[in-house]
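Notes for the one structure printed next.
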Amino acid sequence: MKEYKYRINGNLYTVKVGDIDNNLAKVEVNGVPYKVELEKAEKPVTIVNKPRPTAAPRTDSGAKVIAKPTAAPAAGYQVKAPLPGVVAAIPVKVGDTVKSSDTVLVLEAMKMENAIHAGSDGKVAAILVNVGDSVLDGAPMITIE
């Protein structure tokens, strides 16, 4: 039993609290036993609304905007998407000369921006995607000659 001492209006009370079973407590005040019924507090129900995943972008006709891998042209090195994502930026233009370590495209995937490097020295021959396009893993994005 836990023992507490209270002074109420100048009078000293010794309160011993015993076992509490559900909402019924055994209490002793100045040696007199009591059974005290505790008020049950209703626990509030918390409803969690999970955010819905965002849908892939669509064209005016309702078709999904996804660049699908196409057959590789006969000449040139192709920079391919290393993972599915959305094209965030294309800092090069057709005709620009690039080195293998230059960033030729920024791909947003899993809420992170990934710098995609040329991978080969040469000249940008073709840009196969546009900013805002969704690309699949392995989709060719830029051709370098």
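Residue numbers run from 1 in the order of the sequence given. For clarity, every value in this text was computed on a predicted model and none was experimentally measured.
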Of all heavy-atom pairs between [X] and [Y], which one has the smallest distance, and what is that distance?
{"X": "P82", "Y": "D137", "answer": "O-OD1, 3.0 Å"}
{"X": "Q78", "Y": "P140", "answer": "OE1-CB, 3.0 Å"}
{"X": "V92", "Y": "I142", "answer": "CG2-CD1, 4.2 Å"}
{"X": "L128", "Y": "T143", "answer": "CD1-OG1, 3.9 Å"}
{"X": "P91", "Y": "T103", "answer": "CG-O, 3.6 Å"}
{"X": "A109", "Y": "P84", "answer": "CB-O, 3.3 Å"}

Is there a path of hydrophobic side-chain contacts, each under 4.5 Å between heavy atoms, that joins [X] and [Y]?
{"X": "L136", "Y": "V106", "result": "no"}
{"X": "I8", "Y": "V17", "result": "yes"}
{"X": "I127", "Y": "V98", "result": "yes"}
{"X": "L38", "Y": "Y4", "result": "yes"}
{"X": "V15", "Y": "Y34", "result": "yes"}

**OP:** Keeping the roles fixed (side chain from N30, backbone from T14), state whether a donor-acceptor pair exists under 3.5 Å.
**Re:** yes
Original post:
Short question: side chain of D121, backbone of S100 - any donor-acceptor pair under 3.5 Å?
Top reply: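 Confirmed, D121 side chain pairs with S100 backbone.
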Subject >> Rounded distance (nearest 0.5 Å) linking atom CG of L107 with atom OG of S134 >> reply: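 Going from the CG atom of L107 to the OG atom of S134 covers 9.5 Å.
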Original post:
For the atom pair NZ (K123) and CD1 (I144), what is the distance rounded to the nearest 0.5 Å?
Top reply: 12.5 Å
Original post:
Picking from L105, I116, D133, what satisfies side-chain contact (heavy atoms from CB on, under 4.5 Å) with I90?
Top reply: L105
Original post:
Between K5 and E3, is the closest basic N to carboxylate O distance under 4.0 Å?
Top reply: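 Here E3 pairs with K5 in a salt bridge, since their nearest N and O are under 4.0 Å apart.
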Original post:
Is there side-chain contact between K35 and L24, with heavy atoms separated by less than 4.5 Å?
Top reply: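 Heavy-atom side-chain distance check passes, below 4.5 Å.
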Original post:
With a cut-off of 6.0 Å (strictly less than), are more than 12 heavy atoms of other residues, nucleotides or ligands near CG of D19?
Top reply: no
